Amino acid sequence: ALAALSAGKTEEVTATLTGKKATGEVRIGLEWVDAASEPAAMAAASAAAAAAEARSDAALGDEMVAAEAEAAGAKLATSATLSILVMSASGLVAADSNGKSDPYVTLTVKGAKETHYKKSSIQKKTLNPTWNDAFEFSEIYDADTEVVILVKDDNAVGKLGNVRGKSTPLGQATFTLNLLELPESGA
């Protein structure tokens, strides 16, 4: 079961892989990163507000400038980033003739408006890989956002192994963010 996420605290999730001939499980870490609490975001919000206030001498009235500055700060204050740490997998199926696999993970985050993709590093000749690759997905607000974790075997071909063949799926796990507690600003 997925636990409620809170900003600044990583929750580990172990998911059983499903699919044709799939075995094993994958471990990931999930965390909400509140953009308003990050120093860079706070500086950007301050800069946006200051820039809006600096334009008050221009054609815009003071009320419009104040509203613009407040909106710039509010946008950053309500932005949240979903951080996913692809940690490890265990018990993967052997996809190569050497009895091992060269696994990597593709993450797909499907929101209401956009779909984002990320790919982990490739771990050679193992059925129990450790990646510890971190990825961030900005402005994930919708509880219906779907996260797909697909574990694949890399099929490098060629004398130097520098030509990529078609990857072999090893299994996948899927969940939606409605299983998690969204930040109040993102609900």
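On a predicted model such as this, the values are computed, not experimentally measured, just so you know.
Nearest heavy atom pair, residue V86 against residue F135, reads CG2-CE1, 3.9 Å. Scanning both residues, T16 and E25, for their nearest heavy atoms gives CA-CB, 4.1 Å. In terms of heavy-atom proximity, A22 sits nearest to G171 at CB-CA, 3.8 Å. Taking every heavy atom of both residues into account, K125 and N98 meet most closely at CG-ND2, 3.7 Å. Considering every non-hydrogen atom in both D153 and D102, the closest pair reads OD1-N, 2.5 Å. Contact between P103 and W131 at its shortest, heavy atoms only, is O-NE1, 3.5 Å.
Put simply, NZ on K118 and CD1 on I149 are 15.0 Å apart, with the number rounded to the nearest 0.5 Å. The CZ atom of F137 sits 7.0 Å away from the CG atom of L82 when rounded to the nearest 0.5 Å. Taking OG1 from T108 and CD from E146, the interatomic distance works out to 9.0 Å, rounded to the nearest 0.5 Å. Atom CG of N132 and atom OG of S120 lie 11.0 Å apart (nearest 0.5 Å). Expressed to the nearest 0.5 Å, how far OG of S88 lies from CG of D133 amounts to 11.5 Å.
There is a path of hydrophobic side-chain contacts, each under 4.5 Å, that joins F175 to V109.
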**Request:** Check the pair I84, L30 against side chain to side chain contact (heavy atoms under 4.5 Å, CB included), reporting the backbone distance first and the verdict last.
**Result:** CA-CA 5 Å; I84 300 177; L30 298 168; 3.6 Å; yes

**I28 vs E12, side chain to side chain contact (heavy atoms under 4.5 Å, CB included): CA-CA, chis, key distance, verdict** = CA-CA 6 Å; I28 61 170; E12 280 191 31; over 6 Å; no

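Side-chain N or O atoms of T10 include none that pairs as donor or acceptor with a backbone N or O of E31 at under 3.5 Å.
The pair K124-D154 meets the salt-bridge criterion, since a charged nitrogen lies less than 4.0 angstrom from a carboxylate oxygen.
Between the side chains of S121 and Q123, at least one donor-acceptor pair of N or O atoms lies under 3.5 Å.
Other residues sharing the hydrophobic cluster of M87, ordered by chain and number and joined by side-chain separations under 4.5 Å: L85.
Evaluated for a side-chain contact (heavy atoms from CB on, under 4.5 Å) with V26, the options L17, V13, L170, L92 yield exactly one hit, L17.
Under the side-chain contact (heavy atoms from CB on, under 4.5 Å) criterion, L150 pairs with T106, K152, Q172, not counting sequence neighbours.
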